[in-house]
Number of protein chains: 2
Amino acid sequence: MHEEIKDMLKKNNLSITGSREKILGLFLNQEGALAHGDIEKKAGEKFDRVTVYRTLQIFVEKGIIHTIPTADNSIRYALCKDNCSEGHHHDQHIHFQCTNCHNTYCLDDIVTPDIKLPKGYVSSHIEVVVEGTCKNCKSPVA
Amino acid sequence: MHEEIKDMLKKNNLSITGSREKILGLFLNQEGALAHGDIEKKAGEKFDRVTVYRTLQIFVEKGIIHTIPTADNSIRYALCKDNCSEGHHHDQHIHFQCTNCHNTYCLDDIVTPDIKLPKGYVSSHIEVVVEGTCKNCKSPVA
DNA sequence: ACAAAAAAAGCAACAATGTTGCAAAATAAT
DNA sequence: ATTATTTTGCAACATTGTTGCTTTTTTTGT
């Protein structure tokens, strides 16, 4: 596990430091996505706020994590799959945000649908965020 | 036009004040969506920052405007169509964000697609944001 | 049109979030 | 092991968002 982290950093030409190992570890041990605030809380006592910002920024640049848009002013980040690389995110999966537990999940098996746009519009990337109740919060009603 | 604004406020049981008229006017004269910062710049010299926050908040509550999620930590707002009402937004259209001019548009005629979710997930609302080049920025290449 | 009641605006103070430059420390390269 | 490079932490600052309270504006009822 710990070797896996180091390997990922090496593969991306990143030097191996405590904060990068720690933060990448958080993502690997986490099913859902993490907001900046979550990371600060979980790792933050040991690291400066600025370091967390810079680490997330470089992870996004390197294609290790990707951002998930939200309407609540707190970008969430999640691990990319192998097909992402520096400067080229190739995520075509959708995201799911649970209105109960407020976790955000990547549904890696659900591909974004094709969308027919009006004349003149050209699509380069599609983001789909589904809100609702996740499998862990499913109400046991019926 | 000015009467239209007053009517909209009255219809939503909002008292008619300078800031509400001004901010609602901005949305009516605007094709795309507006971020909080845009509104502060365009209307802000006359109004307190707090007033802008509270005005946007109450417009969302009343179903006059809706939010559009982004991955850049700046929620955007756009006018709702008539089918929205207090506490019940019924937007099923998609949003388009131009990577060139950075405007965000509601594509009111494009309905969000159905998405098949994994077992256990229940959808209550779907957000689709398409990135690309808008009709105004379309490159005249071909 | 006026007075009383209700609602909104403005102000101040504060909290949280994000950014920048630079010196010290850690990591990588030779 | 020493040097060069990169990263960290710190401090200071800028921006964004929030809260309580007083004053002003708008609405309501007469």
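Per chain, numbering begins at 1; letters A, B, ... match sequence-line order. What you see below is based on every heavy atom in this structure, not just the backbone, and it leaves out hydrogens, waters and symmetry mates.
With D:dG17, C:dT20, C:dA9 as the candidates, the nucleotide lying closest to the side chain of A:R54 is C:dT20. Distances were taken from every side-chain heavy atom of B:S19 (C-beta onward) to each of D:dG17, C:dA9, C:dG10; the shortest belongs to C:dA9. For B:V50, the listed nucleotide lying nearest its side chain is D:dT18; candidates were C:dA9, C:dT17, D:dT18.
Checking side-chain atoms of A:H66 against main-chain N and O of A:A78 turns up a donor-acceptor pair under 3.5 Å.
A salt bridge does not link A:R54 to A:E61: none of the charged side-chain nitrogens sits closer than 4.0 Å to a carboxylate oxygen.
Atom NZ in A:K22 sits roughly 18 Å away from atom C1' in D:dG9 (whole-Å rounding). To the nearest angstrom, P of D:dT6 lies 19 Å from CD of A:E21. In this structure, B:D72 atom CG and C:dG18 atom P are separated by 12 Å, rounded to whole Å. In this structure, NZ of B:K10 is placed 18 Å from P of C:dA7, rounded to the nearest angstrom. Spacing between atom NZ of B:K46 and atom P of C:dA8 amounts to 19 Å, rounded to whole angstrom units. Rounded to whole Å, atom P of D:dT7 lies 12 Å from atom CD of A:Q57. If you take NZ of A:K41 and P of C:dT17, they are 7 Å apart, rounded to a whole angstrom. As rounded to whole Å, 3 Å separates atom P of D:dG17 from atom OH of B:Y53.
Recorded end-axis angle for the helix from C:dA1-D:dT30 to C:dT30-D:dA1 stands at 40°, based on five pairs per end and rounded to 10 degrees.
In terms of heavy atoms, B:I110 sits closest to A:L117 at CD1-CA, 4.4 Å.
For a distance-only test at 3.5 Å, the side chain of A:R49 fails to qualify as a donor-acceptor partner of the base of D:dG9.
One finds a side-chain N or O of A:N73 lying less than 4.0 angstrom from the OP1 or OP2 phosphate oxygen of D:dG17. Between D:dT8 and A:T51, no contact under 4.0 Å exists linking OP1 or OP2 to a side-chain N or O.
For A:K135 and A:Y105, the positive end sits near the middle of the six-membered ring, less than 6.0 Å away and at most 45° from its axis.
For the atom pair NZ (B:K116) and CG (A:D109), the distance works out to 14.5 Å, reported to the nearest 0.5 Å. Atom SG of B:C106 sits about 10.5 Å away from atom CD of B:E31, to the nearest 0.5 Å. The structure places NE2 of B:H95 at 8.0 Å from CG of B:L107, a figure rounded to the nearest 0.5 Å. Remark: B:T112 OG1 to B:I94 CD1 distance equals 9.0 Å, nearest 0.5 Å.
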Problem - B:H2 vs B:E21, side chain to side chain donor-acceptor pair (under 3.5 Å): CA-CA, chis, key distance, verdict - result: CA-CA 8 Å; B:H2 196 231; B:E21 289 177 281; 3.0 Å; yes
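Taking for each of A:S74 and B:R20 the nucleotide of DNA chain C with the nearest heavy atom, the 5'-most of the two is the partner of B:R20.
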Practice task
Scan nucleotides 22-30 of chain D nucleotide by nucleotide, 5' to 3', and note B when protein non-hydrogen atoms come under 4.0 Å of the base, S if they reach only the sugar-phosphate, - if neither.
Solution key: ----SS---
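The side-chain heavy atoms of A:L28 and A:I5, taken from C-beta on, include a pair separated by under 4.5 Å.
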